[in-house]
Amino acid sequence: MTDLFLAKEDIRKACIFDLDGVIVDTAKYHFVAWRNLANSLGFDFTERENEKLKGVSRIDSLNLILEWGGMNFSEKVKANLAFSKNEDYLSYIKEMDESEILPNVVGILEGIYKNPNYKIGLGSASKNAKLILDQVGLTKYFDFIVDGSMVTHGKPHPEGFLLAASEMKVLPENCIVFEDAPKGVEAALAARMFTVGIGREDDLGHAHLVMADFSKTTFAEIEDFFLGLV
Ligand code: BG6
Ligand code: MG
């Protein structure tokens with residue numbers, strides 16, 4: 001039987017999660033490590049500025065921070081700075097455990113996992129994504145993991161989400177993306193995927209659906225929005 005004869009609820013579908021800010025709150029560790037680096041170079045930046053780094057790759061984040069501090073370095077020095085920031089960041093990541101999983105993420109993952117029509121993917125800009133998922137014990141839920149080392153273009157480019165979908169053999173229009181960063185929402189929309197913003201309506205109003213977090217919902221409820229039943 002071809003897909004043509006399948007009911008909509010039987011078509012192969014997928015959920016693709018961003019990691020940082022959707023599954024775990026690592027922004028606080030990125031902030032501490034970037035701030036330590038900025039301080040060592042003689043300047044500081046605020047938590048509000050840190051918001052602009054959400055979803056942004058490591059090297060692009062460094063370039064932005066150096067711009068805020070009015071500094072510039074050769075590519076070689078920048079690579080060293082990014083390396084030492086990551087070493088500092090990893091010292092926090094290595095202390096993480098399942099207690100840092102955001103509210104009801106496991107409930108949502110379980111809801112999807114039990115549904116035979118859905119695969120589960122990760123679409124993260126972080127090169128540490130696999131380590132973080134292992135650290136908090138969630139790797140088992142994922143059919144395919146895209147991390148920052150597997151893409152050439154960062155968000156808002158759709159490359160990461162499209163790669164996750166194609167590796168899971170699911171069409172983009174049959175994917176639901178969960179994203180907390182405005183640039184990540186742009187990337188998911190550019191991939192033509194149903195996009196759920198996790199955070200504030202003010203920041204993520206361009207998503208198809210926005211919720212503060214997963215605490216007051218179930219996967220069945222989210223799927224109703226995706227299928228156009230709500
Ligand atoms: C994103 C974060 O998920 O990953 C960004 O939102 C971060 O803040 C980016 O810069 C890259 O992360 P990493 O772990 O490769 O330095
Ligand atoms: Mg994020």
Side-chain angles (χ1 to χ4, degrees), residues 15-38 45-68 78-96 100-102 105 108 121-136 138 142 145-161 163-164 176-189 191 193 195-200 203-204 206-207 210-214:
C15 289
I16 305 176
F17 288 77
D18 172 49
L19 174 70
D20 297 313
V22 170
I23 292 177
V24 282
D25 175 22
T26 42
K28 58 187 180 212
Y29 303 132
H30 279 297
F31 182 45
V32 176
W34 281 130
R35 205 168 171 214
N36 285 343
L37 182 85
F45 66 94
T46 63
E47 205 157 354
R48 204 183 153 80
E49 283 171 308
N50 189 60
E51 286 292 305
K52 297 188 184 131
L53 305 178
K54 286 188 176 170
V56 178
S57 75
R58 192 182 305 167
I59 199 69
D60 288 347
S61 298
L62 175 65
N63 283 329
L64 272 173
I65 292 164
L66 292 177
E67 207 178 296
W68 298 335
K78 283 199 278 193
N80 285 334
L81 293 174
F83 177 82
S84 64
K85 177 268 173 178
N86 195 53
E87 291 291 294
D88 192 10
Y89 176 65
L90 287 177
S91 69
Y92 299 99
I93 296 309
K94 285 177 180 155
E95 296 298 313
M96 286 180 88
E100 296 206 41
I101 300 170
L102 287 168
V105 166
I108 297 290
L122 192 88
S124 173
S126 170
K127 293 181 176 167
N128 298 304
K130 287 179 178 153
L131 171 70
I132 296 171
L133 280 184
D134 275 349
Q135 199 69 32
V136 299
L138 292 180
F142 289 84
I145 295 169
V146 171
D147 69 23
S149 66
M150 296 159 76
V151 290
T152 317
H153 307 287
K155 298 168 186 179
H157 197 286
E159 183 186 357
F161 291 133
L163 176 62
I176 304 174
V177 170
F178 299 103
E179 248 301 343
D180 72 310
K183 282 196 172 70
V185 167
E186 279 177 52
L189 293 174
M193 296 176 177
T195 308
V196 183
I198 305 295
R200 288 159 20 105
D203 303 323
L204 309 172
H206 48 319
V210 181
M211 51 186 73
D213 55 39
F214 289 117

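Both ligands and their constituent atoms are indexed starting at 1 by order of listing. Note that the structure is a prediction, hence the values are computed from the model and not measured.
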Participant: Output yes when a side-chain donor or acceptor of His206 lies under 3.5 Å from a complementary backbone atom of Pro182, and no otherwise.
Facilitator: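 Answer holds: yes.
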Participant: Please could you name the atoms of ligand 1 that Ser61 approaches to less than 4.0 Å, counting only its heavy atoms?
Facilitator: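 In order of numbering, the contacting atoms are 10 (O).
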Participant: Report yes if some N/O of Ser126 lies less than 3.5 Å from some N/O of ligand 1; otherwise report no.
Facilitator: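 Indeed, backbone or side chain, Ser126 has an N or O that close.
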Participant: Identify the closest protein heavy atom to atom 10 (O) of ligand 1: which residue and atom is it, and at what distance?
Facilitator: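 Answer for atom 10 (O) of ligand 1: Val56 O, 2.6 Å.
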Participant: With heavy atoms of Lys127 as the reference, note each atom of ligand 1 found under 4.0 Å away.
Facilitator: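 In order of number, 13 (P), 14 (O), 15 (O).
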Participant: Any side-chain heavy atom of Leu62 sitting closer than 4.5 Å to one from Trp34?
Facilitator: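 Leu62 vs Trp34: side chains touch.
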Participant: For ligand 1, which atoms have a heavy atom of Lys54 less than 4.0 angstrom away?
Facilitator: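 Checking each atom against Lys54, I get 6 (O).
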Participant: In terms of residue, atom name and distance, what is the protein heavy atom nearest to atom 16 (O) of ligand 1?
Facilitator: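 Looking only at protein heavy atoms, the one closest to atom 16 (O) of ligand 1 is Arg58 NE, 2.8 Å.
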Participant: Over 60° means perpendicular and under 30° means parallel, so tell me whether Tyr92 and Tyr29 are parallel, tilted or perpendicular.
Facilitator: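 The rings of Tyr92 and Tyr29 lie parallel, inter-plane angle below 30°.
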Participant: Under 4.0 Å from a heavy atom of Gly55: give me the atoms of ligand 1 that qualify, with their elements.
Facilitator: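 Every atom of ligand 1 under 4.0 Å from some heavy atom of Gly55: 2 (C), 5 (C), 6 (O).
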Participant: Please assess Lys85 against His30 for the test side-chain hydrogen bond (donor to acceptor under 3.5 Å, both in side chains), listing each intermediate value before the final yes or no.
Facilitator: CA-CA 9 Å; Lys85 177 268 173 178; His30 279 297; 2.8 Å; yes
Participant: Counting N and O atoms only, with roles assigned by atom type, does the side chain of Glu186 sit under 3.5 Å from a partner on the main chain of Pro156, one being a donor and the other an acceptor?
Facilitator: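 No; judged by distance alone, with no hydrogens or angles, the pair does not exist.
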Participant: May I ask you to decide if Thr152's main-chain N or O and Glu159's side chain share a donor-acceptor pair within less than 3.5 Å?
Facilitator: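 Yes, because the side chain of Glu159 sits within donor-acceptor range (under 3.5 Å) of the backbone of Thr152.
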Participant: Counting each atom of ligand 1 from 1 as listed, which ones have a heavy atom of Asp20 under 4.0 Å away?
Facilitator: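 Selected atoms, number and element: 1 (C), 2 (C), 3 (O), 4 (O), 6 (O).
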Participant: With a 4.5 Å heavy-atom cut-off, do Asp18 and Lys155 have their side chains touching?
Facilitator: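 The answer is yes, as the side chains (C-beta and beyond) meet within the 4.5 Å cut-off.
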Participant: Could you tell me whether the side chain of Ile16 reaches within less than 4.5 Å of the side chain of Val146, counting heavy atoms only?
Facilitator: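 Sidechains of Ile16 and Val146: no contact.
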Participant: Any side-chain heavy-atom pair from Asn86 and Asn128 closer than 4.5 angstrom?
Facilitator: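 SC-SC contact between Asn86 and Asn128 confirmed.
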Participant: So, the side chain of Thr195 versus the backbone of Ala207: is there a donor-acceptor pair under 3.5 Å, distance only?
Facilitator: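 No, because the side chain of Thr195 does not come within donor-acceptor range (under 3.5 Å) of the backbone of Ala207.
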Participant: Only heavy atoms of Leu53, strictly under 4.0 Å: list the atoms of ligand 1 that pass.
Facilitator: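 By the 4.0 Å cutoff, the relevant atoms are 5 (C), 8 (O).
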Participant: If the cut-off is 4.0 Å to any non-hydrogen atom of Asn128, which atoms of ligand 1 fall inside it?
Facilitator: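 By the 4.0 Å cutoff, the relevant atoms are 13 (P), 14 (O).
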Participant: Start with the C-alpha distance between Asp147 and Leu19, add both sets of side-chain angles, then the distance that settles side chain to side chain contact (heavy atoms under 4.5 Å, CB included), and finish with yes or no.
Facilitator: CA-CA 9 Å; Asp147 69 23; Leu19 174 70; over 6 Å; no
Participant: Going by the order shown, which atoms of ligand 1 are within less than 4.0 Å of some heavy atom of His30?
Facilitator: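 Atoms satisfying the 4.0 Å criterion: 7 (C), 8 (O), 12 (O), 14 (O), 16 (O).
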Participant: By residue and atom, what protein N/O/S atoms are less than 2.8 Å from the Mg ion (ligand 2)?
Facilitator: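 Atoms qualifying: Asp18 OD2, Asp20 O, Asp180 OD1.
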